[in-house]
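Taking it in order: structure first as structure tokens, then the write-up.
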Amino acid sequence: MARVAIVTGGTRGIGAAISKALKAAGHKVAANYGGNDEAASKFRQETGIATYKWDVSSFEACRDGVAQVAKDLGPVDIIVNNAGITRDGTLHRMSREQWDAVLDTNIGSCFNMCRAAIDSMRERKFGRIVNIGSINGQAGQYGQVNYAAAKSAVHGFTKALAQEGAAIGITCNAIAPGYIDTEMVQAVPKPVLEKIIAKIPVGRLGHAEEIARGVVFLCADDAGFITGSTLSINGGQHMY
Ligand SMILES: NC(=O)c1ccc[n+]([C@@H]2O[C@H](COP(=O)([O-])OP(=O)(O)OC[C@H]3O[C@@H](n4cnc5c(N)ncnc54)[C@H](OP(=O)(O)O)[C@@H]3O)[C@@H](O)[C@H]2O)c1
């Protein structure tokens with residue numbers, strides 16, 4: 001069945017691949033983004049997918065954004081919390097601003113978006129929520145106490161919300177990507193990246209489409225028995 005989906009950070013990187021894959025699966029997609037108008041405009045022209053600009057770290061902006069999408073496309077059935085940022089630094093050099101920005105954007109956004117959409121999902125007894133976590137939320141990472149804490153929280157949030165939605169047709173799952181060849185990872189210094197790739201059993205970075213494939217699977221109508229799970233898509237880099 002065609003559903004209405006919002007993908008946060010859905011105009012670039014992994015999110016763009018998720019938006020396109022959900023559209024290809026027959027869904028009506030709204031791709032949110034935070035500030036890069038140029039990338040969003042290019043994405044909109046290339047894909048025909050509607051784009052919506054708002055800051056997912058703002059509770060009010062998410063409330064208004066979800067309401068606007070519902071008005072334009074219909075009640076929201078699928079939320080993919082994908083928007084994320086890094087502000088790396090070792091703890092002894094990390095500012096409070098770096099901490100807050102990463103926590104607000106990576107996990108605060110999950111609350112903001114789900115809170116905005118949950119009443120309608122509960123009324124209609126259907127919802128698919130997919131939160132994009134990270135291998136670094138599972139395993140930790142040097143220089144990323146903020147990011148690892150936020151992504152680890154994404155996984156806890158997922159399991160708790162899954163319990164709340166299970167009896168009323170709302171599933172909530174997470175995907176924990178390994179290293180994917182997006183701009184976020186291209187920003188990692190080359191020598192560091194080479195060391196990272198050497199530790200990936202599959203022997204390469206992942207592709208955004210490989211994460212999108214997992215999202216489409218978890219959002220399907222017939223995925224109703226899968227909830228509270230974390231799907232690791234990381235080339236075998238971390239297993240537990
Ligand atoms: N790449 C990896 O290897 C990797 C690995 C594990 C997990 N992840 C996670 O996967 C997700 C996507 O990563 P990516 O590599 O595709 O990142 P990316 O290429 O940097 O894209 C990030 C997207 O998030 C949006 N965004 C950032 N802050 C926002 C805000 N406050 N409000 C609304 N949108 C905001 C950006 O919007 P603009 O275009 O407007 O800037 C952009 O569309 C993130 O949650 C990331 O932590 C990535």
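What you are looking at is a predicted structure, and each value in this text was computed from that prediction instead of being measured.
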S19 versus T47: any side-chain heavy-atom pair under 4.5 Å? no

Would you confirm whether [X], through its side chain, and [Y], through its main-chain N or O, come within 3.5 Å as a donor-acceptor pair?
X: Q98; Y: D88; value: yes
X: N32; Y: K53; value: no
X: K159; Y: C172; value: no
X: K28; Y: L73; value: yes

Apply side chain to side chain contact (heavy atoms under 4.5 Å, CB included) to the pair N82 and I14, showing each step before the final yes or no. CA-CA 8 Å; N82 164 80; I14 293 172; 3.7 Å; yes

Return the set of residues passing side chain to side chain contact (heavy atoms under 4.5 Å, CB included) with [X] (not counting sequence neighbours), or none when no residue passes.
X: A21; value: A212, V216
X: M1; value: R3, D221
X: A61; value: W54, S58
X: Q141; value: N136, Q144, Y179

Passes side chain to side chain contact (heavy atoms under 4.5 Å, CB included), T11 versus N36? Steps please. CA-CA 9 Å; T11 58; N36 191 332; over 6 Å; no

[X] with [Y], same ILVMFWY side-chain cluster at under 4.5 Å:
X: F126; Y: I79; value: no
X: M113; Y: L161; value: yes
X: I180; Y: I200; value: no
X: F59; Y: Y52; value: yes

Residue pairs meeting side-chain hydrogen bond (donor to acceptor under 3.5 Å, both in side chains), one or both in residues 99-115, sequence neighbours left out, come to R96-D100

Evaluate the side chain to side chain donor-acceptor pair (under 3.5 Å) criterion for residues Q138 and S152: first the C-alpha distance (whole Å), next the side-chain angles of each, then the deciding distance (0.1 Å), finally the verdict. CA-CA 6 Å; Q138 298 171 309; S152 178; over 6 Å; no

Side chain to side chain donor-acceptor pair (under 3.5 Å) between D72 and Q68, intermediate numbers included: CA-CA 6 Å; D72 295 347; Q68 186 62 51; 3.0 Å; yes

Thinking salt bridges, do [X] and [Y] make one under a 4.0 Å N-O criterion?
X: R213; Y: E209; answer: no
X: E210; Y: R204; answer: yes
X: K42; Y: E38; answer: no

Side-chain donor-acceptor pair under 3.5 Å between N131 and T158, yes or no? yes

Among pairs that include at least one residue of residues 122-131, which meet salt bridge (charged side-chain N to carboxylate O under 4.0 Å, His left out), considering only residues two or more places apart or in two chains? D77-R124

Should we count CZ of F217 as having more than 12 external heavy atoms under 6.0 Å?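 Result for CZ/F217: open.
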
